[in-house]
2 protein chains.
Amino acid sequence: MFQLDLKSRKSIYEQVTDNLKELIMTGILASGEKLPSVRELSKTITVNPNTVQKAYRELERQGYIYTTSGVGTFVADISQIRVDAHALERARAAFDEAFREFLFLGLSFDDAQRIALEIMEQRRLSDD
Amino acid sequence: MFQLDLKSRKSIYEQVTDNLKELIMTGILASGEKLPSVRELSKTITVNPNTVQKAYRELERQGYIYTTSGVGTFVADISQIRVDAHALERARAAFDEAFREFLFLGLSFDDAQRIALEIMEQRRLSDD
DNA sequence: CTAAGTGTACCATGCAGCATAGTACACTGT
DNA sequence: ACAGTGTACTATGCTGCATGGTACACTTAG
């Protein structure tokens, strides 16, 4: 389903959250589709069920999935996902910081922006 | 000298590192200028000397500052800072992820890119 | 030379977050 | 009834971070 990076600074449950989020937003997991159960996914990616549940809980809190007790977890209607203002503000801050990192490394502003545009263009293509 | 955010996910020594890095790369701290001593800075921002030292050690490792034992710590010649290939690769990955976060939040690609350009433009202005 | 200030290196402690293991319970569908 | 589902809880160990404290070598100012 997706890959985990144990060396990453991100915790496992965050990686699971982000990976699923990407699969949902890109439509690979369609609205209404059933996600693997907590126990099943935990076996697949060999992590603890609690860790998977933590990811699911977070995704539900953010509105990406919904749960029917005793039945399973399903992908929500992403067209209904309102853009969370606070989350957007955090994302802006993170983006600004990521961009500044180029400058800290010694790149000129123009070089940094050129790299930034490259990366975004590549993302546009790969997400189609 | 700068502000710390205790609520941040970033550790304190990382914040100190990044803040100093910014002051150096923007020229606010000039090449050759003496940095506050470990003990002095630790008092100023009320953190443990060990934490400040950790930041200084990291900055020295990355070439932003240099040390003369018994004398002090000084800002290196930033024109000599070579762009670390590994660091650049990490920065690219971080940037890509920050940008994708916009998409995950439900923004269209065009909206996301528009916001990205806004942020970069603002950065260009504030860094001059 | 002496004292103060500097970087540097340790060690011990406490804390928080994360991941794990295990158990238990309520719910649903077959 | 049973299997599968989500959910909750406790306990444990690990890691990184921050702190407090001590110690040593070095340099500069007096």
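Chain naming here is simple, since letters A, B, ... match the order of the sequence lines and numbering starts at 1 in each. Source: prediction; values computed, not measured.
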Here the distance between atom P of C:dG14 and atom CG of B:N48, to the nearest Å, is 16 Å
Can you confirm whether the side chains of B:Q122 and B:E118 place a donor and an acceptor under 3.5 Å from each other? no
| Between C:dT6 and B:S37, is there an OP1 or OP2 to side-chain N/O distance shorter than 4.0 Å? | yes
Residues in residues 3-17 of chain A with a heavy atom under 4.0 Å of DNA chain C, by number, are A:S11, A:I12, A:Y13
Salt bridge B:E40-B:K43, side-chain N to carboxylate O under 4.0 Å:
no
TODO: Measure distances between side-chain N and O atoms of B:N50 and base N and O atoms of C:dC10, and say whether any donor-acceptor pair falls under 3.5 Å.
DONE: yes
Whichever of A:P49 and B:T73 has the more 5' nearest nucleotide on DNA chain C, that residue is B:T73
At a 4.0 Å cut-off to heavy atoms of chain B, the contacted part of DNA chain D spans D:dC17 to D:dT27
Evaluate the side chain to side chain donor-acceptor pair (under 3.5 Å) criterion for residues A:D77 and A:S79: first the C-alpha distance (whole Å), next the side-chain angles of each, then the deciding distance (0.1 Å), finally the verdict.
CA-CA 5 Å; A:D77 181 358; A:S79 71; 2.8 Å; yes
State plainly whether the residues A:E121 and A:R124 are in salt-bridge range, i.e. N to O under 4.0 Å.
-> yes
Check your understanding: Between A:R92 and A:E97, is the closest basic N to carboxylate O distance under 4.0 Å?
Key -> no
Basic-acidic side-chain contact under 4.0 Å: B:K10, B:D18
yes
Taken to the nearest whole Å, NZ/A:K54 to C1'/C:dA16 is 11 Å
Measure from the ring center of B:F99 to the ring center of B:F109 and say whether it is less than 6.0 Å.
-> yes
message = Taking B:R61 first and then B:E58, would you say they form a salt bridge - that is, a charged N and a carboxylate O separated by under 4.0 Å?
response = yes
Here the distance between atom C1' of C:dC10 and atom CD of B:Q53, to the nearest Å, is 10 Å
Here the distance between atom P of C:dA21 and atom CZ of A:R39, to the nearest Å, is 15 Å
